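Single-structure report; data block below.
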Amino acid sequence: MNYNFILSPELKSKQSEFRQFVNEYIKPTAFLTDQDQYISKDVLSSIIKKGFWGTEIQSDFGGANFDMITYGLLSEEIGRGCSNVRNLLGVQGMVSVALSKWGTLEQKQKWLTKMASGKILTAFALTEPDTGSDALSISTSAMKRGNSFVINGKKKWISFAQNANLFLLFAQVQGQAGAFLIERNTPGLTVKPINNLLGFRGSGLGEITLKNCEVPEGNLVGRIGFGISHVANYGLVHGRYSTAFGCVGLAQACLEESMQYSSVRKQFGKPIAKHQLIQQMLADMMTEICAARSLCLRAGSLKEMGDLNSVLETSMAKYFSSKIANNAANNAVQIHGANGCSSNLPVQRYLRDSKIMEIVEGSSQIQQQLIARYGAMKLK
């Protein structure tokens, strides 16, 4: 199979457009997003106005319907500017692609159009206080009662729970997982903010408590028993893809800051960029970024073709990209020295955010397990 990762003139033009937009609207606001722990409405408005919102949603429902490579390039550039904003786009995508794949036409018409226009924000509510990677062990329960489901339980570490109007929430129905669309104003649903995290501070994380929340039967997405294996996993694969490209963008930001700083910072009578040990760190960043970007583009090409191997390739891209983003952030702080530990420069934020990248949408250890299991299957 031929993988040609040389971007076409059209894709290069899009990439340039994304970069210019990020430099003008996203990157300058990243410090305040982290400090205030909130993405401003102005940032959201700029994204929507530019047409970069709902890019994974089909045009039939008002979305931009980007191809996977274009979507990846957008995720990379947004990630270069602000990990929180990239996370916002990624989470909206997790919900919308799961709904696009497994939702009814009525559900799509009702919700995807609102998501595509930015009228509502969504959250992907899977993780619980005692359940993270082992998604099948969720304890939140849904009981059928007439034409409704009554849901009880707790979710935790849910990105944008503080702002979401709609939750794609997963619960057990008599031992089988189900996926439900739950509106924020549903009686019995409350959200407790989680602030002052290590990274992703602007991602509005929260803990959701559900006490006898009654949800119409029509809000069930897919079938009972498909909640984790089909609906959740479809969203998670998309989230890993967005995160992988976002990690490349974050690593690129580390490289750019380090290149600029090391060219002007002088020690022992010359710019530190001329010292071999600094050059080694810069070279490692450049090489690892190129390798990670290639893995991401390979995964995107397979996803665009509908190749089932794209699931494995996406796990590999997410695992490697998050790893090299953390490496790049560590090196960036080291190159900046004491200045790198100050909030006056962005590299300390990059280091905090990069650590979160190794956890969200399946930790590095979970990705290693998935990759190894797939490799073992291929040997049989």
Side-chain angles (χ1 to χ4, degrees), residues 61 91-115 119-194 203-236 238-239 360-361:
F61 303 105
V91 169
Q92 304 313 297
M94 291 170 69
V95 176
S96 65
V97 299
L99 188 56
S100 295
K101 178 69 173 179
W102 300 109
T104 64
L105 179 59
E106 183 180 0
Q107 289 171 344
K108 295 175 187 179
Q109 290 174 337
K110 181 177 181 179
W111 297 114
L112 287 181
T113 52
K114 294 178 181 179
M115 293 176 64
K119 290 181 179 178
I120 64 169
L121 295 180
T122 61
F124 192 88
L126 175 61
T127 306
E128 298 182 353
D130 297 318
T131 306
S133 299
D134 185 10
L136 290 173
S137 296
I138 56 173
S139 60
T140 297
S141 65
M143 183 176 294
K144 189 74 163 36
R145 188 167 69 187
N147 295 323
S148 301
F149 286 91
V150 178
I151 303 179
N152 287 278
K154 279 192 175 183
K155 298 293 180 178
K156 195 172 184 180
W157 313 116
I158 307 304
S159 292
F160 306 104
Q162 296 181 31
N163 322 92
N165 311 102
L166 181 71
F167 300 92
L168 179 58
L169 186 139
F170 302 88
Q172 296 283 4
V173 185
Q174 296 182 327
Q176 298 187 85
F180 300 88
L181 293 167
I182 304 181
E183 297 183 64
R184 188 183 192 88
N185 60 3
T186 301
L189 186 152
T190 57
V191 177
K192 179 182 177 182
I194 302 175
S203 292
L205 271 73
E207 180 178 77
I208 305 168
T209 300
L210 305 107
K211 293 184 178 179
N212 296 321
C213 290
E214 190 168 343
V215 179
E217 186 177 16
N219 284 27
L220 173 69
V221 180
R223 298 199 324 231
I224 297 298
F226 277 26
I228 302 298
S229 60
H230 293 67
V231 183
N233 278 335
Y234 202 78
L236 286 169
H238 179 86
V360 295
E361 273 69 83

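Counting from 1, the numbers follow the sequence of the chain as shown. Just so you know, these numbers come straight off a predicted model, no measurement behind them.
- Interatomic distance, Q172 CD to I138 CD1, rounded to the nearest 0.5 Å: 4.5 Å.
- In this structure, the side chain of R184 does not engage the main chain of F167 through any donor-acceptor pair within 3.5 Å.
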- Kindly determine whether L169 and V215 satisfy side chain to side chain contact (heavy atoms under 4.5 Å, CB included), including the steps that lead there. CA-CA 11 Å; L169 186 139; V215 179; over 6 Å; no
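- Between T122 and S96, every side-chain heavy-atom pair lies at or beyond the 4.5 Å cut-off.
- Here side chain to side chain donor-acceptor pair (under 3.5 Å) pairs that include residues 148-159, with residues two or more places apart or in two chains, are N87-S159, E128-K155, S148-E214, N152-N212.
- Side-chain contact between I151 and T186: absent, with no pair of heavy atoms (C-beta onward) separated by less than 4.5 Å.
- K108 contributes no side-chain N or O that, together with a main-chain N or O of K110, makes up a donor-acceptor pair within less than 3.5 Å.
- Summarising the local packing, CD of E217 is surrounded by more than 12 heavy atoms from other residues, nucleotides or ligands at distances under 6.0 Å.
- For S137, the side chain to side chain donor-acceptor pair (under 3.5 Å) test picks out D134, with sequence neighbours left out.
- Rounded to the nearest 0.5 angstrom, L236 CG and M94 CE are separated by 4.5 Å.
- Rounding to the nearest 0.5 angstrom, the gap separating the NZ atom in K114 from the NZ atom in K119 is 8.0 Å.
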- Audit row: L121, F160, side chain to side chain contact (heavy atoms under 4.5 Å, CB included) steps and yes/no: CA-CA 8 Å; L121 295 180; F160 306 104; 5.9 Å; no
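- Between I208 and I182, every side-chain heavy-atom pair lies at or beyond the 4.5 Å cut-off.
- The CG atom of L126 lies 5.0 Å from the CD1 atom of I228; values are rounded to the nearest 0.5 Å.
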- side chain to side chain contact (heavy atoms under 4.5 Å, CB included) evaluation trace for H238 with E361: CA-CA 9 Å; H238 179 86; E361 273 69 83; over 6 Å; no
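- Listed for the Q107 side chain is a donor-acceptor partner under 3.5 Å among the backbone atoms of G218.
- Within a 6.0 Å radius of NZ in K144, more than 12 heavy atoms belonging to other residues, nucleotides or ligands are found.
- Side-chain contact between L205 and I158: absent, with no pair of heavy atoms (C-beta onward) separated by less than 4.5 Å.
- In this structure, W102 and H230 have perpendicular ring planes: the angle between them is above 60°, well past the 30° mark.
- Between atom SG of residue C213 and atom CD of residue E183 there is a gap of 12.0 Å, rounded to the nearest 0.5 Å.
- The ring pair (Phe, Tyr, Trp, His ring centres under 6.0 Å) check on F149 picks up F180, with sequence neighbours excluded.
- With rounding to the nearest 0.5 Å, the separation of CG in L181 from CH2 in W111 is 7.0 Å.
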